[in-house]
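Take a look at the structure set out below.
Since we're looking at a predicted model, the values are computed, not measured.
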Amino acid sequence: MLGAEEATTVSSNNILQPSPDGLSKPIRHVPPIPEPSDHRALRAALKKHGMSDRAAGAISTIWTNPGAVLPQVTNPQRRRVPGGYMLVVSGQVYTARLMPDPYNPRNADQVQFALAGAEGAPPAVLVSAVEHGVGEMAVQVPTPDVLIGQLAWAVQNTRLRNTPHPSIEAQGIMDPPIGVATTFFFEGDEAAPITVPLVREGSSRVSHGHRYLDVSVDDVLYNLPRSASAMDSHISRLNGYADKPADEIELTEQAAVRCAVTEFELIIGVEPDIPGTLDLSQAIKARVAQDHLNPKTKWSTASKNTSLAEECLLSALKAGVIGSEDEAKWLGGYLTRAAASTRKIPPYGDDRAAWIIHMFTTNEKTAHDAIRAPIALVLTEDEDASTRKRAVRVEGNTKLPLGIEVVSRELHGHPLFSEAKVTQFRNALKDALPRNLSTRGPWKRTKRTPQALWEAAAKELVDGMPGGPAGTELWVRAAYVLCKHGMIGGPRHDQGERSDRRPAGEVIEALLTTGAGLRHLRQSLEDDRAGLRPRRVNEQGQPMKTAAGDDVVINSEFLREKLAPKDGVVEVPITPEDGAYKRFRAAMENVKKNVRLLEDSMRNLAGVHMPDEEIPLVEQTGKPDILLLREELKAMAETADTWLIAVMEAQGGNLVDEENESDAEAS
């Protein structure tokens with residue numbers, strides 16, 4: 001709270017410096033801090049409006065002219081949002097007293113979750129503020145240090161990812177930021193709560209403004225609100241820039257003065273069209289989303305989906321679709337596998353993926369309504385009349401990308417997954433899942449082991465119903481595993497007749513129709529749970545090895561060409577005995593072929609002679625080579641004799657009789 005110390009007396013309307021180019025915002029003195037009595041009057045009005053004393057006190061000190069805001073409290077401005085109106089007051093504030101949103105949805109795709117196991121990841125999380133009284137939001141944070149780290153990361157990341165136009169250096173903050181009083185509560189009793197005006201729309205502008213003002217997160221949270229003298233020093237420093245001759249003031253100093261104050265809209269409440277249908281948190285999110293997700297579409301698809309998906313998870317938890325906060329944290333990626341296990345939650349990636357995908361695609365009413373609500377709030381094209389409503393269709397195709405985005409949190413920031421690989425995973429998983437999950441029978445995520453799930457899917461195959469509830473669940477789980485390991489590729493159109501234009505989902509569906517396919521889907525789950533790359537298995541279900549003793553892993557070619565070929569003709573597996581005979585016949589044919597080649601080569605050798613001579617050169621020279629050749633031929637003949645004796649003994653014959661019979665047949 002600002003004290004009653006002497007305020008600077010510089011006139012707020014005095015234009016000290018013209019803009020250098022005549023186009024930029026003029027450089028004016030920063031207004032002095034108002035009298036304490038003005039703060040007290042506004043604080044009292046806000047408390048009468050229903051705000052807590054803590055929030056009213058923090059908000060009353062941000063304005064350069066509290067007297068202009070005071071009458072608005074009893075007659076606030078109304079801003080239309082889907083489902084109701086936000087109540088706001090507006091006026092000029094000190095930019096250094098505003099705090100950019102630490103959970104800015106623009107940065108949602110950069111959040112690295114505990115589940116990914118990223119070392120040295122920023123302390124970024126997705127935490128939603130909840131309504132905490134009239135015109136006040138609240139966020140639970142572990143410690144002040146965590147909050148400061150999150151704020152510093154968000155401010156820096158926001159600046160890097162968005163440059164306002166026109167330039168803040170030249171024009172200051174053009175569009176009024178929109179914010180709400182927000183209290184950060186800390187776990188335990190060691191640290192007192194902190195209330196600040198949190199900017200929910202306009203964080204990019206304020207973050208850039210803080211850079212030019214040279215204020216840190218600590219300054220906004222602690223230093224400037226501590227006393228009037230701290231704020232006076234801040235204002236005096238900026239006015240010192242403004243007092244410089246026009247040709248001596250630096251560009252960054254000009255920018256600081258231009259950014260020192262800004263118009264600001266403070267949300268102090270909400271009026272829903274229908275009581276109980278819209279709270280302050282929902283109204284703010286809808287307002288921000290309307291600006292960014294509908295007409296502007298400046299957020300990336302990944303950012304949009306991550307932000308919306310987070311709201312869907314919170315909605316599902318509130319509706320009881322997710323049973324506990326621990327389960328919500330696991331699904332949201334906020335728990336490691338070890339942490340999930342200690343909370344008695346199955347710590348398997350395929351189980352989490354199936355859980356999420358079912359929740360985001362099912363038409364079961366409770367789950368569908370819970371997932372639909374946040375999406376419809378963003379997509380609704382509401383008009384300024386509570387009686388005019390437009391139905392929004394939120395179907396499986398609308399919800400599934402959000403579910404896939406939640407699944408992919410496991411990979412974002414993982415040391416083995418670049419951003420390109422995460423994007424590839426998202427696209428591959430969408431391609432590999434069934435096209436009709438929302439209407440594909442009563443499948444659901446169960447707690448069956450891979451073995452039990454395989455047995456149930458195999459029974460469906462025997463019963464002539466492949467791809468039933470068990471098969472679909474196996475399909476969804478295996479699609480996640482195969483896509484994560486890069487073992488199922490998309491359609492190919494560049495190999496002529498060999499091109500396989502089937503989407504990955506069609507290939508996996510074909511695997512459900514054969515015993516070998518089902519075995520490999522089961523193996524992919526078991527291996528992934530064991531931390532292994534999915535392996536090929538034989539008829540007995542045993543993992544196969546290379547000649548060097550390494551595992552033979554699954555790949556896309558094996559799935560598409562061996563297990564589920566595009567012509568539908570599956571290669572019939574052979575027994576080990578049949579395999580040995582096949583290799584023997586192939587080897588024997590190879591020896592015969594090479595003997596014929598050797599015979600031809602010797603004939604060609606004998607045909608080489610000098611001009612005008614009939615005696616071959618091989619009979620005139622090359623003695624060492626001929627001797628070596630003879631020894632090698634004798635060795636091969638002896639090997640053939642050994643084989644013949646062994647086979648005659650095995651068959652009970654006599655070598656001499658066989659030779660006599662051969663001579664007789666020849667004569």
Side-chain angles (χ1 to χ4, degrees), residues 38-93 97-101 128-139 175-183 195-203 205-206 262-292 294 311 373-374 377-378 380-389:
D38 294 337
H39 294 154
R40 287 194 292 269
L42 181 55
R43 180 176 186 170
L46 290 170
K47 287 175 63 178
K48 187 175 181 180
H49 174 71
M51 271 192 181
S52 68
D53 181 66
R54 179 182 54 245
I59 292 304
S60 67
T61 62
I62 69 176
W63 312 93
T64 63
N65 184 6
V69 180
L70 185 60
Q72 299 181 49
V73 177
T74 55
N75 187 27
Q77 303 166 51
R78 293 154 61 86
R79 299 283 187 267
R80 183 65 186 169
V81 294
Y85 293 89
M86 291 194 314
L87 307 179
V88 305
V89 296
S90 63
Q92 191 181 73
V93 300
R97 298 301 308 275
L98 303 179
M99 178 55 69
D101 189 355
S128 287
V130 297
E131 190 171 17
H132 190 67
V134 176
E136 183 180 357
M137 304 294 289
V139 179
D175 296 327
I178 303 171
V180 63
T182 303
T183 300
T195 302
V196 293
L198 192 67
V199 174
R200 300 299 298 274
E201 166 58 24
S203 281
R205 286 162 263 158
V206 175
T262 180
E263 293 298 317
F264 179 64
E265 292 191 356
L266 175 71
I267 304 166
I268 62 171
V270 62
E271 284 185 358
D273 294 335
I274 302 173
T277 60
L278 183 72
D279 64 19
L280 184 59
S281 174
Q282 293 170 323
I284 293 170
K285 290 167 185 171
R287 172 66 178 79
V288 174
Q290 286 295 303
D291 268 5
H292 289 279
N294 282 350
E311 297 306 317
L377 192 64
V378 170
T380 300
E381 295 179 2
D382 203 311
E383 297 185 22
D384 191 8
S386 59
T387 57
R388 299 190 65 180
K389 296 185 177 180

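When all heavy atoms of Ile62 and Ala58 are compared, the closest pair comes out as CG2-O, 3.7 Å. Heavy atoms only, all atoms of each residue included: Met137 and His132 are closest at C-CB, 3.9 Å. The shortest non-hydrogen separation linking Ala283 to Leu278 is N-CD1, 3.9 Å. Pairing each heavy atom of Lys47 with each of Ala56, the nearest pair is CG-CB, 3.6 Å. Here the closest non-hydrogen pair linking Val134 and Ile268 is CG1-O, 3.7 Å. Residues Ala55 and Ala181 come closest through the heavy atom pair CB-CB, 4.2 Å.
Asp175 contributes atom CG, which lies 8.5 Å from atom CD of Glu201 (distance to the nearest 0.5 angstrom). Residue Arg200 holds its CZ atom at 5.0 Å from CD1 of Ile284, rounded to the nearest 0.5 Å. Interatomic distance, CD of Gln77 versus CE of Met86, reported as 11.0 Å (0.5 Å rounding).
The closest side-chain heavy-atom distance from Phe264 to Val89 is not below 4.5 Å. With contacts defined as side-chain heavy-atom distances shorter than 4.5 Å, the pair Arg54/Thr183 qualifies. When side chains are defined from C-beta on, Val88 does not count as touching Ile178, because their heavy atoms never get closer than 4.5 Å. Residues Leu266 and Trp63 have side chains in contact (heavy-atom distance under 4.5 Å, counting atoms from C-beta outward).
A distance-only check finds a donor-acceptor pair linking the side chain of Gln72 to the backbone of Ser90 [under 3.5 Å]. The backbone N or O of Ala129 sits less than 3.5 Å from a side-chain atom of Ser281, completing a donor-acceptor pair. The backbone N or O of Pro66 lies less than 3.5 Å from no partner atom in the side chain of His39, so there is not a single donor-acceptor pair.
Side-chain atoms of Thr182 and Glu136 include no donor-acceptor pair closer than 3.5 Å.
Between Asp273 and Arg80 there is a salt bridge, with a side-chain nitrogen of the basic residue lying less than 4.0 Å from a carboxylate oxygen of the acidic one.
The side chain to side chain contact (heavy atoms under 4.5 Å, CB included) test with Gln92 singles out one residue from Thr262, Asn65, Val69, Thr64, and that residue is Thr64. Partner of Ile59 under the side chain to side chain contact (heavy atoms under 4.5 Å, CB included) criterion, out of Leu46, Val180, Thr195: Leu46 alone. Checking each of Leu98, Asp101, Leu198 against Ser203 for a side chain to side chain contact (heavy atoms under 4.5 Å, CB included) leaves exactly one that passes, namely Asp101.
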Could you give me the CA-CA distance, side-chain angles and deciding distance for Arg43 and Met51, then say whether side chain to side chain contact (heavy atoms under 4.5 Å, CB included) is met? CA-CA 9 Å; Arg43 180 176 186 170; Met51 271 192 181; over 6 Å; no
